[in-house]
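Chain naming here is simple, since letters A, B, ... match the order of the sequence lines and numbering starts at 1 in each. All heavy atoms count here, side chains included; hydrogens, waters and symmetry mates do not.
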Amino acid sequence: MITAPPVPAGTVEVTGLSYSYPPTHTGGEPVAALNDISFRAEPGQIVGITGTSGAGKSTLCLALNGIVPRRTGGAFRGRVAIGGRDTRQYEIAVMATRVAMVFQQPESNLVGLSVAADVAFGPENLGVSPSEIAARVTWALDRVGMAGYRDAAPARLSGGQQQRVAIAAALAMQPAVLVLDEPTAALDPLGAEEVLGVLGSLAASRETTIILASQDADALAGHADWLIVLDGGQVIASGTPPDVYAGNTLIQLQSRGIAVSAMAELSATLNARVNQSFAFQTVEDAHRDLAAALSQA
Amino acid sequence: MSVPSPRRTEPKLRLETVSYTYDHPAGAVPDFTLREISLALYPGELVAVIGQNGSGKTTLARLCNGLLRPTNGRVLIGGEETQTRSVAELAPRVGYVFQNPDHQLFAPTVAEDVAFGPRNLGLPAAEVERRVQAALTDLAITSLADQHPLLLGYGGRRLVALAGVLALGSPVLILDEPTSGLDQASGDRLFQVLHRRRERGDAAVLISHDFALVAAHASRVIVIAGGRLVAEGEPRRVLTDPALLARAGLAPTGLTRLAHLLEPLGVPADVLSVEEFAEAYERVYRRTRPTSAWEQA
Ligand SMILES: Nc1ncnc2c1ncn2[C@@H]1O[C@H](COP(=O)(O)OP(=O)(O)OP(=O)(O)O)[C@@H](O)[C@H]1O
Ligand SMILES: [Mg+2]
């Protein structure tokens with residue numbers, strides 16, 4: 001018998017995933033949410049998921065730790081596995097030892113009486129030692145700029161502060177896979193950059209796999225290694241950000257009302273105006289290319 | 001823009017040296033969340049409020065619609081102090097879209113939810129129905145009318161909450177991060193409605209971390225830092241001034257950073273949109289490369 005090589009804990013495999021929510025009222029129709037989704041993410045990769053509102057981004061996130069379909073019911077086809085563990089075979093609590101999730105709504109992430117208690121909650125459930133938990137809480141709150149709020153009541157924080165705490169709570173679990181649904185939507189510009197920076201360094205230094213669902217095309221262009229674009233529950237485009245945010249795909253996304261990165265939009269707009277073929281994605285590259293084009297007289 | 005010219009008339013909303021503290025510990029000096037804020041909102045204006053997480057934007061929004069009462073100072077709506085009115089009495093005059101949409105959804109169907117506000121105003125059934133249809137159509141969510149609002153995705157729930165407030169038809173709208181989690185197309189639809197309402201003299205306050213959105217739609221920008229109003233002005237002046245933004249703990253968009261980097265080569269640093277940037281760059285490009293411009297023509 002041939003045994004397959006072990007799959008790293010951070011490998012995300014989604015194969016032929018289709019899912020419908022159960023009917024919202026008796027006698028109603030099931031609500032189709034995902035249609036034949038396949039992708040794979042390896043340890044240390046940052047995979048961005050974007051698309052229209054209601055395209056299925058959040059449902060796909062929830063499928064990665066088995067909440068879909070274990071909590072939601074409905075019709076599920078295909079396979080979702082994290083580090084080789086199929087979500088249909090392992091309970092949500094078991095999946096949680098590998099996958100940490102930041103939900104779209106910060107309040108639904110917060111349960112405790114204090115910020116520190118909330119951040120400690122996940123590692124406590126994983127059976128981490130108290131001294132290690134204390135160290136992780138301090139570290140995680142510091143990463144999101146909330147070190148000064150340890151003892152504050154989560155209910156009395158601003159929306160963006162709650163979002164930061166929710167992210168810290170997921171960081172403190174030190175998971176192999178971190179799934180974040182619109183983590184930066186409520187954050188101020190520097191806060192968003194800080195959080196994206198932390199995700200990048202976790203991917204690079206700890207091989208954490210990051211799944212990042214977002215409407216913020218600039219954030220995805222700057223930080224994702226691979227992009228998956230959903231519309232109506234289907235993958236309508238995928239590739240590296242420079243591939244997705246360029247050429248015909250860019251035009252297709254714009255026509256469907258999906259945001260594209262400002263730098264990609266600028267490249268395309270300029271190419272239509274001057275005889276150049278700019279393809280920059282970051283401000284730094286744009287600076288280099290646009291300055292160079294002016295100096296070749 | 002054909003929006004009425006402000007300031008010749010009475011403001012729709014006025015804050016006179018408003019301070020606010022959530023805590024009144026006996027004998028202790030109160031720690032103010034907002035300090036001595038004065039501002040006026042004139043007919044046709046869309047005033048954006050920007051600031052770091054926790055700077056006090058949502059607190060300001062709640063003061064504007066009477067959910068919170070100023071600790072010091074006065075809030076006047078249509079010349080009348082909010083102190084003397086209940087939130088229900090104020091609702092027809094100020095519509096408020098919460099940062100978290102679930103704080104305002106409760107009916108069993110989307111249509112019922114959107115109808116709740118106008119029905120409470122005591123409007124005749126036909127007018128309620130007309131407003132519900134108009135709001136659902138404006139935001140392109142008529143297909144959701146019979147669904148349960150809380151079973152929709154986050155973007156869907158946010159659109160339903162927005163429709164409910166639009167259906168109130170209040171002459172002043174306070175929008176707390178209304179586009180977070182929405183796709184580009186939905187955000188564009190919202191601002192089309194707002195633009196129509198401004199033409200008839202309505203005014204709005206927009207809280208947002210998305211400076212490209214603010215640049216595209218605001219007539220004036222107010223910057224809050226540590227509970228104080230630290231700057232105010234036209235979007236072009238505020239959003240393209242990195243030093244001013246930095247003083248409030250904020251950062252400019254990538255496009256503004258790029259414009260500043262290219263300023264020494266003749267690109268103006270105060271462009272606000274991709275379109276403006278491209279136009280300005282093309283001008284510089286044709287000036288520095290007259291021959292290639294010729295060849296192209
Ligand atoms: N209900 C409350 N009780 C006590 N303090 C509060 C309450 N709500 C907010 N605060 C505090 O008041 C300050 C301002 O909060 P506010 O929600 O107004 O900020 P914000 O500018 O809207 O931030 P964000 O961008 O994160 O939404 C913060 O320090 C916050 O912790
Ligand atoms: Mg807020």
Side-chain angles (χ1 to χ4, degrees), chain A residues 21 24-25 31 51-59 104-107 145 156-161 163-164 181-182 185-193 215-216 218 222 254 256-263 265-266 269-270 272-276 282-283 286-287 290-291 293-297, chain B residues 22 50-59 99-100 102 147-148 151-156 158-159 176-177 180-186 188 209-212 245 249-255 257-258 261-262 265-267 274-275 277-279 281-282 284-286 288-289 291-293 295-296:
Chain A
Y21 286 97
T24 52
H25 50 94
V31 185
T52 47
S53 303
K57 300 183 300 297
S58 298
T59 305
Q104 185 153 20
Q105 243 154 333
E107 286 164 60
R156 304 188 64 174
L157 296 178
S158 78
Q161 290 168 336
Q163 183 68 54
R164 289 168 188 238
D181 196 354
E182 295 288 354
L187 299 193
D188 60 45
L190 292 172
E193 267 317 307
Q215 301 278 358
D216 183 345
D218 291 341
Q254 286 176 318
R256 291 179 190 237
I258 299 168
V260 303
S261 73
M263 289 303 125
E265 192 187 341
L266 181 61
T269 310
L270 283 173
R273 282 172 171 270
V274 298
N275 186 22
Q276 292 280 341
T282 64
V283 170
H287 178 209
L290 294 178
L294 290 181
S295 62
Q296 320 156 355
Chain B
Y22 283 101
I50 63 174
Q52 275 193 313
N53 291 136
S55 58
K57 302 178 300 295
T58 296
T59 306
Q99 190 164 359
N100 179 346
D102 295 355
Q147 297 208 25
H148 194 301
L151 295 179
L152 301 174
Y154 184 84
R158 181 164 283 287
L159 288 170
D176 197 350
E177 302 188 28
S180 93
L182 285 191
D183 58 23
Q184 180 96 43
S186 306
D188 290 349
H209 296 294
D210 182 345
F211 296 171
L245 293 172
L250 299 170
T253 61
L255 198 71
R257 278 202 294 130
L258 179 61
L261 288 169
L262 290 171
L265 298 174
V267 177
V274 165
E275 221 23 71
F277 188 110
E279 220 178 284
Y281 183 84
E282 183 180 358
V284 180
Y285 184 91
R286 301 232 178 271
T288 47
R289 308 178 45 143
T291 28
S292 53
E295 282 159 13
Q296 260 194 311

Using side-chain hydrogen bond (donor to acceptor under 3.5 Å, both in side chains) as the criterion, list what pairs up with B:Gln99, not counting sequence neighbours.
-> B:Thr58, B:Glu177
Side chain from CB out, backbone as N, CA, C, O: work out which of these in A:Gln215 comes under 4.5 Å of a heavy atom of chain B, or both, or neither.
-> side chain
For the candidates B:His209, B:Glu275, B:Gln184, which exhibits the highest count of non-hydrogen atom pairs separated by less than 4.5 Å from chain A?
-> B:His209
Picking from A:Leu157, A:Leu290, A:Leu190, A:Thr52, which has the most non-hydrogen pairs under 4.5 angstrom with chain B?
-> A:Leu290
Name the member of B:Gly153, B:Gly54, B:Gly51 that forms the most heavy-atom pairs with chain A at distances under 4.5 Å.
-> B:Gly54
Heavy-atom closest pair (A:Met263 atom, A:Ala286 atom, distance to 0.1 Å) is SD-CB, 3.9 Å
If only atom types and distance count, is the side chain of B:Asn53 paired as donor or acceptor with the main-chain N or O of A:Ala186 below 3.5 Å?
-> yes
Hey, is the main chain of B:Asp183 close enough, under 3.5 Å, to the side chain of A:Ser53 for a donor-acceptor pair?
-> yes
Option in A:Ile258, A:Asp218, A:Leu187, A:Leu270 with maximal non-hydrogen atom pairs under 4.5 Å from chain B = A:Leu187
Sequence-distant partners of B:Glu282, salt bridge (charged side-chain N to carboxylate O under 4.0 Å, His left out), two or more places apart | A:Arg273, B:Arg286
Pick from A:Glu193, A:Glu182, A:Glu265: which one has the most heavy-atom pairs with chain B under 4.5 Å?
-> A:Glu265
